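Notes follow once the structure below has been shown.
In this text, all values refer to a predicted model and were calculated from it rather than measured experimentally.
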Amino acid sequence: MVINDHLKLSDLEEYLRRVFGSDYKLSTVSNMHGGAQKVVYKVKCTNGFSCVLYVWDASRSYFQEDMANQLNEERSYGSDLFQANNTYLTQQGIQTPAIYDLNTDRDQYPFDYALVEYVSGPNLEVLLRESDPKMHNLLLERVGELLANMHGIRREVYGKLNAPLFRFPECHLLQVKNAEIQLAYAAQFIEEIRNYKSMLLDTLYRLEANLRPRTDYGWIHGELGPDHILINEKLEPYLIDIEGAMFFDLEHEHSFLEMRFGEDYRYLKREDLDAARMHFYRFHHHISLLSGGLKLLHRGFPDQQFAKGLADYHCDCVLRYIVQ
């Protein structure tokens, strides 16, 4: 089946030949998943070779309105970030699918696109659901090793690899600003959030006030769940959707990992995290995911049941903070 809403098939065939050679002829193209930030296609050639086509088409993003208003420090979209982070992770020995070619010409199409290595195994989320206990443990131990190596990469300033001077002296203040914006959005549509908005903001400011100054940051993925880790035939983990990777508080990553991995987080946790920062970032994540679920619901995301469930769950989590 051929499913491709972006490159004409003739252009894609020519692209394959230019990158790989005349023996690589297009067989099939299929949409791999409906991501919220970029479109991903699996490309199969008649000689049995497969790769992945990434397309950064902002018009297809469910968060294009937010992207237009983001500070540069907050940006987690774009082929430039993908390329820079891919190169950096590879240099650091952290596995992520290789880039075969990145096209940023925009002479034929109004978006950037790339041919990327196809990792044939499923993502970690699928494997954890289907594996036996021994395999389950092995997979999580390997992911734990990957995270320990990645989070061990440190720097004294936060942000993207080549970011300019920061507007905020400490990285968590970015999340304070973001939480204010996301709460304001949610308050437009949920009466309880609107009624308790001032109390929720007071909670946000109280949690932030408990944080001590810091000038030591680790390299994080930024939104790491089991669906952002592919596992190859050798059971080696590969990180994907890496555009948001940067130097930041490790607690931002670990509070998210704790939510996404549930009981399995015990394989990934570390003992040197700041409890106050973990508490602050958990609250921020709940607010952000509440707003994110609402935006997906309002902007035509195909899986409306998922979007509603996401918003409802994190709304309940947010409101629990004012009755504790």
Side-chain angles (χ1 to χ4, degrees), residues 1-21 24-45 49-64 66-67 70 75-91 94-126 160-162 221-232 237-246 296 301-302:
M1 179 180 292
V2 176
I3 304 174
N4 175 18
D5 297 333
H6 287 91
L7 273 67
K8 294 178 181 178
L9 294 182
S10 59
D11 292 337
L12 180 55
E13 287 181 317
E14 173 58 29
Y15 188 34
L16 289 169
R17 285 194 295 270
R18 179 164 57 80
V19 174
F20 300 116
Y24 292 80
K25 300 176 182 179
L26 180 64
S27 173
T28 61
V29 186
S30 57
N31 197 311
M32 291 185 68
H33 61 76
Q37 292 288 334
K38 64 178 178 286
V39 186
V40 181
Y41 299 99
K42 179 181 178 182
V43 178
K44 189 173 181 179
C45 297
F49 175 79
S50 294
C51 63
V52 175
L53 174 69
Y54 283 178
V55 177
W56 289 270
D57 180 359
S59 70
R60 294 282 293 273
S61 172
Y62 295 98
F63 297 100
Q64 56 183 297
D66 309 87
M67 289 157 51
Q70 281 182 330
R75 187 167 67 93
S76 60
Y77 177 88
S79 65
D80 59 329
L81 293 176
F82 171 73
Q83 184 176 44
N85 292 340
N86 184 288
T87 300
Y88 186 73
L89 285 167
T90 301
Q91 290 171 343
I94 307 298
Q95 295 196 107
T96 187
I99 302 173
Y100 297 128
D101 186 80
L102 173 61
N103 188 303
T104 59
D105 294 341
R106 302 201 178 188
D107 51 353
Q108 289 180 283
Y109 299 98
F111 47 76
D112 299 340
Y113 53 93
L115 292 175
V116 178
E117 177 186 6
Y118 173 66
V119 178
S120 60
N123 68 41
L124 181 64
E125 188 170 43
V126 172
K160 304 294 192 299
L161 289 173
N162 301 310
H221 177 279
E223 193 181 9
L224 189 56
D227 54 332
H228 291 148
I229 302 173
L230 299 180
I231 306 294
N232 71 4
Y238 282 66
L239 295 181
I240 60 171
D241 294 337
I242 58 172
E243 288 90 331
M246 59 183 162
L296 291 176
F301 187 70

Given side chains that start at C-beta, do those of [X] and [Y] come closer than 4.5 Å, heavy atoms only?
{"X": "V39", "Y": "N31", "result": "yes"}
{"X": "K38", "Y": "V55", "result": "no"}
{"X": "F20", "Y": "C51", "result": "yes"}
{"X": "I229", "Y": "I240", "result": "no"}

Original post:
Do H6 and Y109 make the cut of ring centroids closer than 6.0 angstrom?
Top reply: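 Ring centroids of H6 and Y109 are no less than 6.0 Å from each other.
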**OP:** Measure the acute angle between the ring planes of H221 and H228, then classify it against the limits of 30° and 60° as parallel, tilted or perpendicular.
**Re:**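 Taking H228 first and then H221, their aromatic rings lie parallel (interplane angle under 30°).
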Subject >> Passing option when L115 is tested against I99, L102, N103, L16 for side chain to side chain contact (heavy atoms under 4.5 Å, CB included) >> reply: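 Of all the options given, the one that passes is L16.
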**OP:** With rounding to the nearest 0.5 Å, note down the distance linking OG1 in T96 to CG in L89.
**Re:** 6.0 Å
Subject >> For N123 against P226, the heavy-atom pair lying closest together >> reply: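 Closest pair (atom of N123, atom of P226, distance): CB-O, 4.0 Å.
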Between [X] and [Y], is there a donor-acceptor pair closer than 3.5 Å when you use the side chain of the first and the backbone of the second?
{"X": "E125", "Y": "D227", "answer": "no"}
{"X": "D11", "Y": "L7", "answer": "no"}
{"X": "N85", "Y": "E243", "answer": "yes"}
{"X": "S50", "Y": "Y118", "answer": "no"}

Subject >> Partner set under salt bridge (charged side-chain N to carboxylate O under 4.0 Å, His left out) for R17, not counting sequence neighbours >> reply: E14
Original post:
Who pairs with Y15 by ring pair (Phe, Tyr, Trp, His ring centres under 6.0 Å), at least two apart in sequence or on another chain?
Top reply: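 Y15 satisfies ring pair (Phe, Tyr, Trp, His ring centres under 6.0 Å) with Y113 only.
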